[in-house]
Amino acid sequence: MAKLGYPFTLGVASGEPLPDGVILWTRLAPEPLHPTRPGGMPSRAMTVRWEVAEDEAFTRVVQSGAASAQPDWAHSVHVRVAGLAAGADYFYRFTLDDHVSPTGRTRTAPAGASTAPVRFGFVSCQRYEHGYFTALRHLAGERPDVILHLGDYIYEYGKPKNPGPGRYVRPLESEAECTTLGAYRNRYARYKMDADLQAAHAAAPWIALPDDHEVRDNWAGSLPGDGSSPAAFLKRRAAAFKAYYEHMPLRVRPSGPSLQNYRWRPYGRVAEFVVADARQYREGRDMLGAEQERWLVARLTGATARWKVLAQAVFFAQRKFPLEPPSTDAWDGFPDSRARILAHAPDGLVVVSGDVHNNWAGDLRADWDDPASKALGVEFVGTAVTSMPPATDGSAILAANPHLAFFDSHRGYVSCTASMDSFQADYRGVAFVDRPGAPVTTIASFQVKENKLQRIDL
């Protein structure tokens, strides 16, 4: 048998941090874009060794073991590590034969009684062909405690026939749209070969949530949004979710066309991350589905941390457009669902969102049309890593929505620091994405005071 080539071409990752452990991920792929054999791997299981250490030189290894990489799951590896110290940095790596993976840094969640500040970043919308992932490299350099990815990790589109400026900066692996398991796998491989994306995964654990483009643009519930049959779409969704799991450090596998995305991740007494799925359970005018809504309300009302961070994919606050109807692919299309959630808004509610390829920030209010109504929390909407922003008259939208206070069209990410006394969000923007090496600057900074947004002078 021919000797296996270097198998760790897609890097390493960690995720789903708990106070005592994390998930470690890699995928064996010596030929990442092989047209018929996933990753160019033989169709047999492989045993991968893993190590976790307290230092980057691996002189103080605290745990090690072996994991089976199965061909049915594209030789991906998901190691559940437990028994670690809370709120601590660790380093990890994998080996196969004489091949050694890159080293990743991870960090466990703090203990339940911890009052230490929590540093996290959130990102979304990283369309490969639209530019370079330089923003992720800068986020990696901040070494946050955890990174939230709020959807559109990949885009399923093929190459457009006549791409406009900035819309095909980097070539995809295929000019066809992803609809099959093999196509989704190779699209993830194309993305994960990117060095800046690998750096962001290796710098901190991730808590990730898919939105629509991991499957298909604007899908909702069991409906594809393109007129095709629900049965055919659910088959496609099953393939898409399987490929998503194979490439992300998740704790839970998909079951057919379903994937358990909503979950709770506590970070001591400072923050609780409540991750909601605003895509998979939509039906009619219901955004979340009855079961998830009950879960979310219980999590928000029972939360005891200073900050309750509701992480989800799409624009949450009301956003009126001067010359257009409200978006039906945001919470504006589900006002009753939003009202029921806000009826249970706890003190210290912070919603973080993505999807719209621009930066926004504003207050959540009991009455959107009354600027003097009670403030129920704030929303920070992050821009895209690379995806082209739509043509948006930000000034006109701000004027039509007094509860919204900020608009910006840079691409980048949002870096947040939560403590027992404050919550700060820094909007970090890159100067360009059509070539590597863009510098990053802080575009604007905000604090949350008495459930309201307050801008910080830079």
Side-chain angles (χ1 to χ4, degrees), residues 122-133 135-136 148-160 163 166-192 194 197 200 206 208-226 228 232-248 250 254 257-259 261 275-282 287 311-315 327-330 333 353-358 381-390 411 413 433:
F122 68 91
V123 296
S124 63
C125 305
Q126 51 191 41
R127 191 166 174 180
Y128 183 90
E129 65 270 32
H130 280 188
Y132 290 84
F133 296 159
L136 295 178
L148 308 183
H149 198 289
L150 302 180
D152 296 344
Y153 186 97
I154 64 160
Y155 281 70
E156 84 288 6
Y157 297 130
K159 181 181 179 180
R167 295 187 181 275
Y168 208 71
V169 174
R170 298 196 287 176
L172 295 169
E173 78 295 339
S174 169
E175 295 189 0
E177 181 175 342
C178 298
T179 60
T180 66
L181 177 58
Y184 282 115
R185 281 171 167 168
N186 277 3
R187 183 59 51 86
Y188 279 100
R190 164 55 69 202
Y191 277 58
K192 294 185 82 73
D194 181 273
L197 178 55
W206 284 38
L209 174 76
D211 188 26
D212 57 340
H213 287 290
E214 288 86 353
V215 182
R216 187 198 177 278
D217 183 32
N218 288 338
W219 72 273
S222 61
L223 301 178
D226 65 351
S228 59
F233 172 67
L234 289 178
K235 182 178 179 181
R236 177 178 177 177
R237 200 174 92 181
F241 279 170
K242 184 171 186 177
Y244 181 76
Y245 170 81
E246 289 170 347
H247 292 86
M248 301 298 286
L250 301 178
S258 300
L259 178 61
N261 292 312
V275 182
D277 186 338
R279 183 67 59 182
Q280 190 173 179
Y281 307 103
R282 295 187 192 182
M287 175 66 99
Q312 51 87 55
V314 296
F315 210 110
S327 171
T328 58
D329 197 43
S353 316
D355 184 58
V356 293
H357 307 178
N358 284 307
V381 181
T383 187
V385 172
T386 54
S387 304
M388 288 283 285
R411 280 166 279 186
Y413 59 95
V433 299

**Worked check of side chain to side chain contact (heavy atoms under 4.5 Å, CB included) between Asp355 and Ser124** = CA-CA 7 Å; Asp355 184 58; Ser124 63; over 6 Å; no
Backbone of [Y] reached by a side-chain donor or acceptor of [X] within 3.5 Å:
X	Y	answer
Asp152	Cys125	no
Arg190	Leu172	no
Ser353	Phe315	no
Arg170	Gly131	yes
Lys242	Leu181	no
Thr386	Arg127	yes

**Asked** Between Tyr155 and Cys178, does a side chain to side chain contact (heavy atoms under 4.5 Å, CB included) hold up when you go through it step by step?
**Response** CA-CA 9 Å; Tyr155 281 70; Cys178 298; over 6 Å; no
**Prompt:** Arg279 versus Asp329: any side-chain heavy-atom pair under 4.5 Å?
**Reply:**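 They are in side-chain contact.
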**Prompt:** So do Phe241 and Gln280 actually touch side chain to side chain, heavy atoms under 4.5 Å?
**Reply:**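 When only atoms from C-beta onward are counted, Phe241 and Gln280 do touch, with a gap below 4.5 Å.
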**Asked** What pairs with Pro389 under side chain to side chain contact (heavy atoms under 4.5 Å, CB included), at least two apart in sequence or on another chain?
**Response** His357, Asn358, Arg411
**Request:** Quick one: list whatever passes side chain to side chain contact (heavy atoms under 4.5 Å, CB included) with Tyr244, sequence neighbours left out.
**Result:** Tyr188, Ala208, Pro210, Glu214, Met248, Leu250, Leu259
**Request:** Inspect the contact between Arg185 and Glu246 and indicate whether a charged nitrogen and a carboxylate oxygen are less than 4.0 angstrom apart.
**Result:** yes
**Message:** Looking at Glu173 and Arg187, is any side-chain nitrogen of the basic one under 4.0 Å from a carboxylate oxygen of the acidic one?
**Reply:**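 So Arg187 pairs with Glu173 through a salt bridge.
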So which heavy atom on [X] is nearest to which on [Y], and how close?
X	Y	answer
Arg216	Glu177	CG-OE2, 4.3 Å
Ala311	Leu209	O-CD2, 4.3 Å
Gly354	Val381	O-CG1, 3.8 Å
Ala176	Ser174	N-OG, 3.1 Å
Pro163	Tyr168	CB-CB, 3.9 Å
Pro224	Ser222	CD-O, 3.8 Å

**Asked** To the nearest 0.5 Å, how far apart are OH in Tyr413 and CG in Leu148?
**Response**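 One gets 14.0 Å once the value is rounded to the nearest 0.5 Å.
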**Given Tyr128, Tyr191, Tyr157, the one that forms ring-ring contact (aromatic ring centres under 6.0 Å, His included) with His213** =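 Result for ring-ring contact (aromatic ring centres under 6.0 Å, His included) with His213: Tyr157.
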**Request:** Test side chain to side chain contact (heavy atoms under 4.5 Å, CB included) on Met287 and Val314 and set out the steps.
**Result:** CA-CA 11 Å; Met287 175 66 99; Val314 296; 4.0 Å; yes
**Prompt:** For Tyr184, which residues count as a side-chain hydrogen bond (donor to acceptor under 3.5 Å, both in side chains) partner, sequence neighbours excluded?
**Reply:** Arg236
**Prompt:** In terms of the angle between their ring planes, are Tyr153 and Trp206 parallel, tilted or perpendicular, with boundaries placed at 30° and 60°?
**Reply:** perpendicular
**Request:** Tell me, with the steps shown, if Val385 and Leu136 meet side chain to side chain contact (heavy atoms under 4.5 Å, CB included).
**Result:** CA-CA 7 Å; Val385 172; Leu136 295 178; 4.0 Å; yes
